[in-house]
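Small disclaimer: the values here were computed from a predicted structure and weren't measured.
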Protein chains: 2
Amino acid sequence: MSTKPGARGAYHHGDLKAVLLDETARILKEEGEGALSLRNLAARVGVSRTAPYHHFKDKQSLLSAVGEEGFVRFNRAMLDSARRHKGAGPEQGLRAWVRAYVTFAVENSEYYDLMYGGRLWQSESLSNSLLGSARGTLRGNVERIRGAQDKGLYNRALDPVGFSHVAWGTLHGISRLFIDGVYTNNASRNRICDTAADMLWAQLAPR
Amino acid sequence: MSTKPGARGAYHHGDLKAVLLDETARILKEEGEGALSLRNLAARVGVSRTAPYHHFKDKQSLLSAVGEEGFVRFNRAMLDSARRHKGAGPEQGLRAWVRAYVTFAVENSEYYDLMYGGRLWQSESLSNSLLGSARGTLRGNVERIRGAQDKGLYNRALDPVGFSHVAWGTLHGISRLFIDGVYTNNASRNRICDTAADMLWAQLAPR
DNA sequence: AGGCGCATTTTGACGCTGTCAAGATTGAGT
DNA sequence: ACTCAATCTTGACAGCGTCAAAATGCGCCT
């Protein structure tokens, strides 16, 4: 079948779908969203202009699929980071999480743009799995906070939902300002992340 | 001259430039960025497709001009809000500021998108006046914080620059999540804003 | 082994887009 | 009244997303 490529990508009939997803991400990263056209993409992959339509309903749903891949990579990156700092205390863990979030967003902006760009979330397309991924991420945060509260690691008086909304806003905002080139000094990224983490910790710290 | 329209917008020769700016904003608000084409715009204004090119070098510079208008309106809205809450103490003032920022962003997203969208900030276009407006806004915040620190209203130990970066990130992030439809419950906007303000105040409060 | 079916890919076409070049129109200043 | 420069229009071109119909060839059944 096509969804299970035989590892060897024999072309003419092969794993076009996966190749399209990869090449799309590459184009977005190298030349930006403006340079992405289905015709260009098809040409780069060595296939005719309408071939992609047999794997994706239209351009938007190709982008949604790339966004979904973004969620997979994002979750993987967050898990990796959590594993790397498992030993650390809650405050250091928070710092690491903030840095990991913003770093992923900035260094994989071709995915991050799609994951939380308005194009996906406003229109109807919003594939259910994508919405599931996103809501899952937020819910996961809330649950993690609640768990830490129960263990006495976090301030028990804090409303986890409200706090999560604001915390996510902070990380998302910092990420976007860097991605969009409003903040241009990448060297200061970690310092800003740490400042943000301190601010969040001031709320989270048990008292 | 053309920059000083004779108030009476006699058409054939008239204040086309201003009309284009207004109509662009209207289209963006009513139908979104995807629906904006120069040809469509020209038709709505009752002029031929290439007429706009005599007032704006290309589509991007039209959008930049709308973005600049956005900065004007944004600054006006912030000043209005500040005036309305002049009597209030610093904590209430902060709350009002947070609400005013996010409210402007969400309710005037057709401008806000352009003001801080990546399209303007990454490419070369970035007209100097626009960059000036934006930097001015940030610098204004920093100065305002410094001033309040000197008067003992804010915590003197806080680094105003680092704090401003994070605070702006928070407001920007919350705004974007609402604008892009990730947060959909508009009724909770003020509650989230207040939570954010509390968190910022925890840093800002003199100790 | 042979042939059929169906998923996949291609070619052709349509209307829309941004933008350039060249000509037409017209208000303002002498 | 006439010119000049600003403004607007018409014509044209390449590129885009997408649909419809024709071609291709892999994998399964017998």
Side chains of [X] and [Y]: closer than 4.5 Å at any heavy-atom pair?
X	Y	result
A:L41	A:K59	no
A:T195	B:H165	no
B:V72	B:R76	yes

Geometric class of the B:H172/B:Y112 ring pair [parallel <30°, tilted 30-60°, perpendicular >60°]: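 If you compare the ring of B:Y112 with that of B:H172, the planes turn out tilted.
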
Please state how far atom [atom1] in [X] lies from atom [atom2] in [N], giving the value in whole angstrom units.
X	N	atom1	atom2	answer
B:L63	C:dG18	CG	C1'	12 Å
A:F56	C:dT8	CZ	C1'	14 Å
B:Q60	C:dT17	CD	P	18 Å
A:R49	C:dT11	CZ	P	7 Å

Donor-acceptor pair (no angle test) under 3.5 Å: B:T50 side chain, D:dT10 base: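 Side chain to base: pair found, below 3.5 Å.
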
Contacts under 3.5 Å, N or O only, protein and nucleotides 13-16 of chain D:
{"unit_1": "D:dC16", "atom_1": "OP1", "unit_2": "A:S37", "atom_2": "OG", "d": "3.0"}

Below 4.0 Å: OP1/OP2 of D:dA6 and any side-chain N or O of B:H55: no

Derivation of the ring pair (Phe, Tyr, Trp, His ring centres under 6.0 Å) call for A:F71 and A:Y116: CA-CA 10 Å; A:F71 276 105; A:Y116 296 117; 5.5 Å; yes

Residue whose closest nucleotide on DNA chain D lies nearer the 5' end, B:H54 versus A:Y53: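 So the residue in question is B:H54.
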
Residues B:W201 and B:Y154: side-chain donor-acceptor under 3.5 angstrom: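 No - no donor-acceptor pair under 3.5 Å links their side chains.
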
